[in-house]
Structure formats: C-alpha cells, structure tokens
Protein chains: 2
Amino acid sequence: MARQAKAKKLLNTRQIRDAEATQAVILAAAQEEFAKHGLIAARTQAIAAKTGVAKSMIYYYFHDKQGLYEAVLERSHSDLLQTSHQLDLNNLSPEAALEIFLAALLDCVSQNPNLPLIMFHEAVQNQGQHYKHSTSVSIDKVLVKILEKGVATGAFRQLDPLQSAINIMGTCLFYFIGMGNTQHYPQDKPFLSPAMLEQHSQEAIALILAGVKNT
Amino acid sequence: MARQAKAKKLLNTRQIRDAEATQAVILAAAQEEFAKHGLIAARTQAIAAKTGVAKSMIYYYFHDKQGLYEAVLERSHSDLLQTSHQLDLNNLSPEAALEIFLAALLDCVSQNPNLPLIMFHEAVQNQGQHYKHSTSVSIDKVLVKILEKGVATGAFRQLDPLQSAINIMGTCLFYFIGMGNTQHYPQDKPFLSPAMLEQHSQEAIALILAGVKNT
DNA sequence: GTCTATACGAGGATAGAC
DNA sequence: GTCTATCCTCGTATAGAC
C-alpha cells in the first residue's frame with residue numbers, strides 16, 4: 001500500500017548511497033551480534049536485519065564474515081588501546097597508578113559493555129589468535145608491571161603479579177560477562193544503567209585496592 | 001568418578017554395544033565442545049568425531065543437540081550444587097564461612113575447568129535461561145548471604161553484597177574464561193597444571209579475603 | 001551502492017540395514 | 001545399539017539488475 005511505503009521511507013532516515021554511513025551501521029550491528037555469539041555462531045542475516053540494509057552489503061564492504069569480524073575486533077579495541085597508551089603511570093606510586101589504571105579500564109568497558117564479551121569469545125573460540133601478535137595484551141602487561149613495582153616497594157603484599165593481574169581483570173570484567181546469569185535477580189536498576197555501572201566501578205576498585213594493599 | 005573412568009577407558013579401547021559407556025563418552029566429548037563453543041556454535045559432527053561413535057548415536061540417546069546440551073548442563077553443575085549444598089556455614093564466622101565457600105568453589109572448578117566456560121556461554125547466548133528456574137543461582141545467593149552477615153557484624157567493610165558477590169565470582173572464575181587470551185604469556189607451567197590451579201586458588205582467596213575485610 | 005534472487009556447501013536430523 | 005547413507009533446512013557467499 002502506498003501509504004505504508006511512504007511511512008517506511010520516512011522512518012528510514014538513513015541516507016541512501018552513503019558508503020561511510022552504511023559501513024558504520026553494519027559495524028555497529030555486527031559488534032552486538034559478535035559480542036553475543038562470537039564469530040562462528042553469529043549470523044550475517046541477524047546483522048543485516050538490525051541495520052535494515054541488504055545482507056549482501058556485508059560482503060560488498062567486508063568481503064566475508066571473517067573480514068567483518070576482524071574489523072569489529074579492531075574497532076572495539078581501539079578505544080581501550082588508545083586510553084591505556086595515554087596513561088602515564090611511571091611517576092606515580094603503585095597505589096595511585098593502580099587506581100588510575102582501574103578507573104580508566106572500567107570507564108572504557110562501561111562505555112562499551114560489548115568489549116569484554118568480544119574479548120572472551122575470541123579467547124575461548126579462537127584461543128585469542130587476534131591477541132597473539134597484537135598490542136592488546138599490553139593492557140595486561142601494564143597491570144603486571146604496576147603490581148610488580150608495588151610488591152617491590154612494599155606497598156602491596158606478597159602476591160604473584162601475573163595471577164593477581166588475571167584475578168583483577170576478572171573482578172573488573174566479569175560483571176559484563178556474567179550479566180546474563182545475574183540479571184534474574186530481584187534488582188531495581190538494570191545492570192547496564194549508569195548508576196549500576198558507576199557502582200560497579202567503585203566496588204571493583206575498592207575490592208581490588210583493599211585486596212592488594214600491604215597491611 | 002566411575003562413569004568418567006569408563007568413558008576414558010573406552011576412548012582408547014572401545015567396546016561395542018555398551019549403552020551406558022556410549023552415553024558417557026558422548027557426554028564427555030559434548031562437555032568439551034559446548035564449553036568451547038556454546039549451544040549454537042557446537043558441532044554434533046565434532047562431538048561424534050571425538051568419541052569415535054557415529055553421529056546418529058547422539059540423536060538416539062539425547063533426541064537432538066539441545067537435549068544433549070541440557071544433559072551436559074545438568075551434569076556439569078551437579079558437582080558444584082552438591083558441594084555447595086553440603087557446606088554448613090551457619091555457625092561459622094563470616095570470614096571463615098567465606099574462606100570455606102571459596103575453597104570449595106575453587107576446588108570444584110579446578111576439577112572441572114569447563115564449568116565456567118559452559119556457564120559463560122549459557123549466560124551470554126541464552127541469557128542464562130537454564131539458571132532461571134534452576135537452583136544454580138543458589139550458589140551466588142549463598143555468597144551474598146555471607147557478605148551481608150559480614151557487613152552486619154562489622155567483620156567486612158561497607159560493601160554492596162550483590163555487586164561484591166559478582167566481583168568475587170569474577171575473581172575466582174575469570175582465570176578459566178580468559179585463559180585463551182592469557183596463555184600466550186611466557187609461562188613455564190601450563191594454566192591448567194595442578195600447580196598453577198593451586199596457586200590460582202590461593203591467590204584468589206587471598207585477594208578476596210583481604211579485599212572484603214574491615215580494617 | 002543497494003537490492004533481489006539464487007547457487008552451494010555445511011550441518012542437524014532421520015531411515016533403515018545389520 | 002551401532003553404523004552408513006541420505007534428506008533437507010539453514011546460512012554463507014555470489015550474480016546480476018537497477
């Protein structure tokens with residue numbers, strides 16, 4: 001019916017034949033899909049449906065599903081990498097450095113809650129192939145360095161830096177991974193609401209700082 | 001466990017027409033596959049290949065892929081549920097109760113490192129449907145209770161019990177989920193070696209106890 | 001650049017012999 | 001109970017019109 005066609009056209013504010021915009025919507029939809037399902041279980045059809053563009057556009061711009069996946073990985077990590085690169089923690093005390101680092105990390109993932117999910121699908125499905133020759137692992141290395149320094153100066157208790165770095169990352173990131181299991185709890189605020197995210201950041205930082213400090 | 005021993009034995013020297021053993025090998029192989037890929041991305045072909053039995057045996061015993069998946073979920077959680085049910089923490093101090101609880105949890109997942117991965121996939125793929133009407137969430141509820149009591153008695157610092165319970169679970173379980181990303185580190189011992197698992201348990205418990213204690 | 005239609009292979013599930 | 005062979009849906013990827 002003509003009226004419906006018109007309505008549809010009006011609803012679809014997206015400009016037609018705008019290459020950049022099309023790539024952007026595809027990437028955004030793909031990020032969600034890959035976060036939920038990982039590379040293998042993700043469906044190109046589902047991604048296309050979310051965007052409103054034809055499925056074949058994925059192949060036009062990204063060659064194949066794997067190409068789109070890699071573009072999403074790259075794009076998702078760039079914020080975190082950039083942030084961590086900008087941090088200058090060398091002339092800070094270990095406690096201060098740790099707190100700054102954690103705040104930055106938690107801020108990043110709060111702004112993009114899909115990132116932890118993407119990281120861990122990649123970890124378990126592909127054994128983290130993407131991180132093998134990437135600089136992404138530098139994130140963890142920064143944390144290990146902070147912990148080593150803290151142990152050396154006596155600011156932190158005797159702990160294994162690598163093990164503790166993993167556990168600390170877990171404290172920060174598990175919230176986003178386990179959400180599906182925990183969201184059934186009687187809870188007034190949604191887990192991704194700004195208030196809850198802020199509270200998570202504070203609770204995580206408090207737990208970690210108290211956990212590593214030398215008494 | 002006798003069942004698993006039988007399954008392993010039959011992986012080497014397969015006897016024919018042993019219903020119980022066949023189901024056991026399928027379940028064992030399926031657990032690994034579902035841990036790595038979750039329900040959707042898991043391949044029945046891959047499961048069959050690992051067992052040596054024909055793919056159609058999966059359908060004979062478990063009706064379909066979903067049926068097998070549910071059997072694996074049930075089976076994988078039973079140890080943890082049983083263990084947590086046996087714990088009697090009521091007449092212990094919050095600190096002692098927390099330590100016992102964590103030790104039991106870490107022991108369970110150390111014996112079955114697939115469990116956290118299975119939980120993770122179920123959480124993100126199915127929004128934890130399996131846990132909705134299951135008693136599995138009781139695990140977390142036990143932890144929340146301990147934390148509430150500790151805050152009330154002043155043994156623990158002021159913390160949000162639910163948020164902290166999630167973060168604590170993350171500290172314990174993330175090690176197993178993030179392994180794929182972390183195993184590229186220069187590391188003498190494999191992440192699932194008894195020594196590393198034991199160290200992880202100790203480090204996690206130390207971090208958490210120090211993290212919640214009132215100073 | 002974007003769409004529709006379709007080829008083609010992968011993978012879930014079944015049939016039927018043994 | 002177990003196997004082999006087969007069916008058929010679903011999903012990736014391509015072809016070709018506009």
Side-chain angles (χ1 to χ4, degrees), chain A residues 4-6 8-30 32-34 36-73 121 125-126, chain B residues 3 6-7 9-34 36-73 121 125-126:
Chain A
Q4 279 190 344
K6 206 171 195 179
K8 190 184 170 191
K9 206 166 197 176
L10 286 177
L11 267 178
N12 198 356
T13 51
R14 198 173 55 77
Q15 290 268 349
I16 53 178
R17 292 182 181 264
D18 181 339
E20 212 172 316
T22 302
Q23 291 180 59
V25 286
I26 291 175
L27 279 169
E32 282 184 33
E33 178 74 5
F34 285 130
K36 203 165 193 174
H37 293 112
L39 171 60
I40 304 175
R43 297 294 171 238
T44 56
Q45 163 58 30
I47 295 170
K50 270 187 232 175
T51 65
V53 308
K55 196 172 50 169
S56 53
M57 286 290 92
I58 291 171
Y59 300 93
Y60 179 75
Y61 284 115
F62 301 96
H63 180 255
D64 59 7
K65 189 166 81 160
Q66 172 112 16
L68 176 57
Y69 178 69
E70 276 156 17
V72 167
L73 277 188
H121 270 120
Q125 264 188 7
N126 300 354
Chain B
R3 226 186 190 181
K6 203 170 188 180
K9 191 177 177 184
L10 284 181
L11 271 177
N12 300 330
T13 63
R14 279 200 53 73
Q15 293 167 18
I16 50 178
R17 288 181 185 267
D18 183 339
E20 208 174 322
T22 302
Q23 291 180 60
V25 286
I26 292 175
L27 279 170
Q31 193 184 43
E32 283 185 32
E33 178 74 5
F34 286 130
K36 204 164 192 174
H37 294 110
L39 171 60
I40 303 176
R43 298 294 171 239
T44 56
Q45 163 58 31
I47 295 170
K50 268 187 233 175
T51 64
V53 307
K55 194 173 56 167
S56 54
M57 286 291 91
I58 290 172
Y59 300 92
Y60 179 75
Y61 284 115
F62 301 97
H63 181 254
D64 59 7
K65 190 166 80 161
Q66 172 114 16
L68 176 56
Y69 178 68
E70 276 156 17
V72 166
L73 277 187
H121 273 121
Q125 264 188 7
N126 300 355

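Values in this document were obtained by computation on a predicted structure and should not be read as measured data. Just so it is clear: chains get the letters A, B, ... in the order the sequence lines come, proteins before strands, and each one is counted from 1.
- A 4.5 Å side-chain heavy-atom check between Gln23(B) and Met57(B) finds every atom pair outside the cut-off.
- Atom CZ of Phe62(A) and atom C1' of dG1(C) are 14 Å apart (whole Å).
- Nucleotide dT14(D) holds its P atom 13 Å from the CD1 atom of Ile58(A), rounded to whole Å.
- Computed from coordinates, the His37(A) NE2 to dG11(D) P distance equals 11 Å when rounded to whole Å.
- Of all heavy-atom pairs spanning Ala30(B) and Val72(B), the tightest one is CB-CG2, 3.7 Å.
- Residue Ala42(B) is in sugar-phosphate contact alone, with no base atom involved, counting any heavy-atom pair closer than 4.0 Å across all strands shown.
- We find that CE of Met57(A) is positioned 14 Å from P of dA15(D), with the value rounded to whole Å.
- Residues Leu27(B) and Phe62(B) share a closest heavy-atom pair of CG-CZ, 3.8 Å.
- Nearest heavy atoms, Val25(A) versus Thr22(A): CG2-O, 3.0 Å.
- At dA13(D), none of the side-chain N or O atoms of Thr44(A) fall inside 4.0 Å of OP1 or OP2 (strictly under the cut-off).
- Between Tyr60(B) and the phosphate of dT14(C), there is no side-chain N or O to OP1/OP2 separation shorter than 4.0 Å.
- Contact of the Phe34(B) side chain with the Leu73(B) side chain is not registered, since no non-hydrogen atoms from C-beta on lie closer than 4.5 Å.
- For the pair Tyr61(B) OH and dA13(C) P, the computed distance is 18 Å after rounding to whole Å.
- The nearest heavy atom of DNA chain C to Ala19(A) and to Gln66(B) marks one nucleotide each, and the one closer to the 5' end goes with Ala19(A).
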Tell me, for nucleotides 5-10 of chain D in 5' to 3' order, what letter each nucleotide earns: B for a base near a protein heavy atom under 4.0 Å, S for only sugar-phosphate near one, - for neither?
------
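- In this structure, the NZ atom of Lys65(B) is 11 Å from the C1' atom of dA13(C), given to the nearest Å.
- Taking side-chain N and O atoms only, Tyr59(B) has no distance below 4.0 Å to OP1 or OP2 of dT14(C).
- The side chain to side chain donor-acceptor pair (under 3.5 Å) contacts involving residues 60-69 of chain A comprise Gln66(A)-Glu70(A), Tyr69(A)-Glu122(A), where partners must be two or more places apart or lie in separate chains.
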Between side-chain atoms of residues 36-47 of chain B and protein atoms elsewhere (two or more places apart, or another chain), which donor-acceptor pairs fall under 3.5 Å?
{"residue": "His37(B)", "atom": "ND1", "partner": "Glu33(B)", "partner atom": "OE2", "Å": "3.4"}
{"residue": "Arg43(B)", "atom": "NH1", "partner": "Ile40(B)", "partner atom": "O", "Å": "3.4"}

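- For the pair Glu33(B) CD and dG12(C) C1', the interatomic distance rounds to 14 Å; values are reported in whole Å.
- Across all strands, Ala54(A) comes closer than 4.0 Å to base atoms (heavy-atom distances).
- At whole-Å resolution of the value, OH in Tyr69(A) and P in dT12(D) are 15 Å apart.
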